[in-house]
Amino acid sequence: MLDLNFIREQPEVLRKALTDRQMDSSVVDNVLSLDTERRALLVKVETLKAQRNSVSKEISQTKDAALKQEKILAMRTVGDEIAALDESTRSVEEKLQALLASIPNIPDPSTPVGIDESENVVLRTEGEIPVLDFTPLPHWELGPKLGIIDFDRGVKLTGSRFYVLNGAGARLQRALIAWMLDLHSRQGYEERYTPFMVKAETLYSAGQLPKFVDNLYHDIEEDLWMVPTAEVPLTGMYRDEVLEEASLPQRFTAYTPCFRREKMSAGRDVRGIKRGHQFDKVEMYIYCKPEESMRELEKMLADGEETCKLLGLPYRVKRLCTGDLGFNSVITYDLEVWAAGCGEWLEVSSVSNVGDFQARRANIKYKPEDGSRNRLVHTLNGSGLGMPRTMIAVLENNQQADGSIRVPEVLRPWMGGIEIIR
RNA sequence: GGAGAGGUAGCGCAGUCCGGCCUAACGCGCCCGCUUGGAAAGCGGGUAUACCGCAAGGUAUCGUGGGUUCGAAUCCCACCCUCUCCGCCA
């Protein structure tokens, strides 16, 4: 959520941001007029309340019964007026909040302006794309052939876009998770194990509600929501808290499954395990001071890149353009790894600085050591890589002519002696 | 799920029966000053957040949401959370 004062003072900056994001900027005028209306109402109602408070005090001290009765009657009228004005204020505020909650963050000025993902900018490509002397299979053929991915039984259990991992396949995913958590710990992130179900308020804090309600699984009975990413509990963790300045930056890593309805039609983009309704992910998350957030963003990106490098995966770094930038984000880098079998770059990580956007919604501040007033923290999030797609790249890039798969060196300690999946 | 006890400003607590001197006491912690060679102790002062207002100042918040009232931490209703015991259970 943006600062209302900021919108009031620099509406043109927001208008430009919305236009750059390929969105309608007329919402700005609605915000401004509601804000004006709200303040006018506040002045009125607060004057009346001040009057009521002071007269009520007088009433308690008035001895003369007739005079007392007179004052009570007068205040009865004032009370009715206050009730009516309170109601109008509440309704205006509700509208204003709903509007504010629907406005995305301001992209950093350095963000390339573009219509959609086709205008994202590739910053660099690292690692060698493997040259194979045979035709590599895509994982949706490789997996069933090796007996490590069972699509049919996933569908049988739950429905389309679900699968079962078998034996070395399940173990490989578990190895990736354990290895990544350990790696991020070494990189300075503290591990957290969080609930996988949260309340609506927590999703609101992270900016997932109300906007992305269609993409979430919801238990009506208990009114709990399945997390779409660990970013949600990691943001909500400090909701309504004030952190000590000396404790910042605080860096966390967490493994969670992620649940997304993704009501998109089947097709090329969802083939295999690329885009399931349930997938595992290891997340990186940072709380820091505003002046630190750009530096932390670069650190997080480097940490994500290290993950790819150590796995031996060729990858490229993309800078998202205004048209593709996420709702919360100021700057986003995407990491894409090359998958030899499907022959495409797969997005495995999105590393974003969201500035104070989530912190304002979640009300997360820190107490400056110089005694000045509490300030909002900045938050950053990044995937320490999404599992299925990382698995895809590991499987497809390390396949050998006989259809077996070499397990990357770094994962072997977690593979119980399995070096080749065959 | 059942019974009981609780939720008050950073923490601990008082206040709630019986509405208005609550502008929320008191203690601890923390900050500033005095004192000191320096410190402790002692003494004095300060110590929530948000919003409105150029300002003076005002408004709101005692778990949350409603209600009664001129006036609610206090009375009424609903809900949430924590603790103890019981039940159930990996």
Side-chain angles (χ1 to χ4, degrees), chain A residues 1-9 31-101 193-205 209 218-225 233 236-248 250 257 356-377:
Chain A
M1 187 156 63
L2 291 171
D3 182 6
L4 184 54
N5 287 315
F6 161 79
I7 300 178
R8 198 183 290 151
E9 282 157 24
V31 167
L32 292 177
S33 74
L34 281 170
D35 177 48
T36 307
E37 194 181 341
R38 168 177 169 271
R39 286 189 291 161
L41 282 165
L42 276 181
V43 169
K44 254 195 234 173
V45 74
E46 287 187 0
T47 307
L48 286 176
K49 282 181 178 175
Q51 188 195 346
R52 180 176 68 182
N53 286 346
S54 71
V55 174
S56 287
K57 194 153 291 175
E58 284 171 36
I59 289 172
S60 68
Q61 287 152 5
T62 304
K63 298 276 186 285
D64 183 330
L67 185 57
K68 194 168 185 165
Q69 199 52 39
E70 190 181 310
K71 284 181 174 173
I72 288 176
L73 285 176
M75 282 310 102
R76 208 168 275 172
T77 318
V78 171
D80 291 343
E81 279 179 63
I82 288 174
L85 284 171
D86 269 345
E87 177 53 33
S88 319
T89 310
R90 202 190 51 76
S91 119
V92 167
E93 252 163 21
E94 222 164 66
K95 281 184 216 156
L96 185 56
Q97 282 307 313
L99 270 190
L100 281 176
Y193 169 84
T194 70
F196 302 157
M197 292 186 284
V198 296
K199 38 187 172 182
E201 227 175 323
T202 306
L203 283 157
Y204 180 84
S205 295
L209 282 179
H218 181 205
D219 157 47
I220 295 179
E221 193 83 15
E222 303 285 344
D223 194 23
L224 293 176
W225 303 69
M237 206 162 58
Y238 282 145
R239 180 160 50 85
D240 292 326
E241 291 195 39
V242 179
L243 310 176
E244 293 298 329
E245 178 177 355
S247 75
L248 299 173
Q250 292 192 37
D356 61 12
F357 195 78
Q358 279 176 327
R360 184 171 295 106
R361 257 173 126 109
N363 188 28
I364 304 169
K365 299 185 175 173
Y366 73 97
K367 185 186 284 299
E369 274 164 354
D370 63 12
S372 57
R373 66 192 328 219
N374 296 346
R375 299 173 71 196
L376 293 167
V377 299

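Naming: A, B, ... by sequence-line order, numbering from 1 per chain.
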Pick the closest RNA chain B nucleotide for A:Gly79 and for A:Arg8 by heavy atoms, then say which residue is nearer the 5' end. A:Arg8

So which nucleotide from B:rG71, B:rC52, B:rA50 ends up closest to the side chain of A:Arg52? B:rG71

Between B:rC70, B:rG53, B:rG58, which nucleotide has the shortest distance from any of its atoms to the side chain of A:Arg39? B:rG53

For A:Gln250 and A:Ser247, does a side-chain donor sit closer than 3.5 Å to a side-chain acceptor? yes

Charged N to carboxylate O below 4.0 Å: is that the case for A:Glu58 and A:Lys71? yes

Within the structure shown, what part of the strands sits under 4.0 Å from A:Leu42 by heavy-atom distance: base, sugar-phosphate, or nothing? sugar-phosphate

Can you measure A:Lys44 atom NZ to B:rG53 atom P for me and round it to whole angstrom units? 15 Å

Expressed in whole Å, how much space separates the P atoms belonging to B:rA60 and B:rG71? 12 Å

Taking the C1' atom in each of B:rG15 and B:rU8, what is the distance between them to the nearest angstrom? 9 Å

Per atom distances to the A:Arg38 side chain, the nearest of B:rC51, B:rC70, B:rG58 is B:rC51

Protein-nucleotide distance (A:Asn363, atom CG; B:rU49, atom C1'), rounded to Å: 9 Å

If you measure from the P atom in B:rG37 to the same atom in B:rA48, how many Å do you get, rounded? 35 Å

Rounded to whole Å, how long is the line connecting atom CG of A:Leu85 with atom P of B:rU59? 15 Å

Within 45 degrees of the axis of the six-membered ring of A:Tyr366 and under 6.0 Å from its centre: does A:Arg375 put its NZ or CZ there? no

If we take the P atom in both B:rG6 and B:rA14, what is their distance in whole Å? 10 Å

Does B:rC88 have a Watson-Crick or wobble partner in any strand here, with both distances under 3.5 angstrom, and which is it? none

Would you mind pulling out the nucleotide paired to B:rC75, Watson-Crick or G-U wobble, both distances under 3.5 Å? B:rG67

When rounded to whole Å, the CG to P distance for the pair A:Leu100 and B:rA50 reads 17 Å

Does B:rG33 have a Watson-Crick or wobble mate here (both distances under 3.5 Å), and if so which one? B:rC43

Look at A:Glu46 together with A:Lys49 and state whether they make a salt bridge at an N to O cut-off of under 4.0 Å. no

Let me know the distance between CG of A:Asp240 and P of B:rG63, rounded to the nearest Å. 15 Å

Choosing from B:rC70, B:rC52, B:rA50, which nucleotide comes nearest the side chain of A:Arg373? B:rA50

Paired nucleotide for B:rC51 [Watson-Crick or G-U wobble; both distances under 3.5 Å]: B:rG58

If you assign each of A:Lys199 and A:Lys367 to its closest nucleotide in RNA chain B, which residue comes earlier from the 5' end? A:Lys367

With rounding to whole Å, what would you report as the distance between B:rA73 and B:rU61 at their P atoms? 7 Å

Please report the distance separating the C1' of B:rU23 from the corresponding atom of B:rA72, rounded so that it comes out in whole Å. 16 Å

Measure CG/A:Leu243 against C1'/B:rG10 and give the value in whole Å, please. 14 Å

P-based separation of B:rC17 from B:rC83 [nearest Å]: 28 Å

Once you apply a heavy-atom cut-off of 4.0 Å, does A:Val43 come out as touching a base, just sugar-phosphate, or nothing? sugar-phosphate

Under 4.0 Å between a Lys/Arg side-chain N and an Asp/Glu carboxylate O for A:Arg8 and A:Asp35? yes

Check this for me: does any side-chain nitrogen of one of A:Glu245 and A:Lys367 sit under 4.0 Å from a carboxylate oxygen of the other? no

Can you tell me the Watson-Crick or wobble partner of B:rG12, both distances under 3.5 angstrom? B:rC26

Of the nucleotides B:rU23, B:rC52, B:rU59, which one has an atom closest to the side chain of A:Lys57? B:rU23

Among B:rC70, B:rA60, B:rC51, which nucleotide sits nearest the side chain of A:Lys49? B:rA60

Using purine N1 to pyrimidine N3 plus N6-O4 or O6-N4 for Watson-Crick, or N1-O2 and O6-N3 for G-U wobble, each under 3.5 Å, what pairs with B:rG19? none

Exceeds 12 heavy-atom contacts within 6.0 angstrom, atom NZ of A:Lys68: yes

Quick one: is B:rU59 close enough that its OP1 or OP2 comes under 4.0 Å of any side-chain N or O from A:Asn53? yes

Of all the nucleotides listed (B:rC70, B:rC51, B:rU49), which has the minimum atom distance to the side chain of A:Lys365? B:rU49

Report the distance from atom CD of A:Glu244 to atom C1' of B:rC30, rounded to the nearest whole Å. 10 Å

Ring pair (Phe, Tyr, Trp, His ring centres under 6.0 Å) involving A:Phe6 - partner list, sequence neighbours excluded: none

Over how many whole Å does the gap from A:Glu93 atom CD to B:rC51 atom P extend? 11 Å

Considering only atom P, compute the distance from B:rG29 to B:rU82 and round it to an integer number of Å. 31 Å

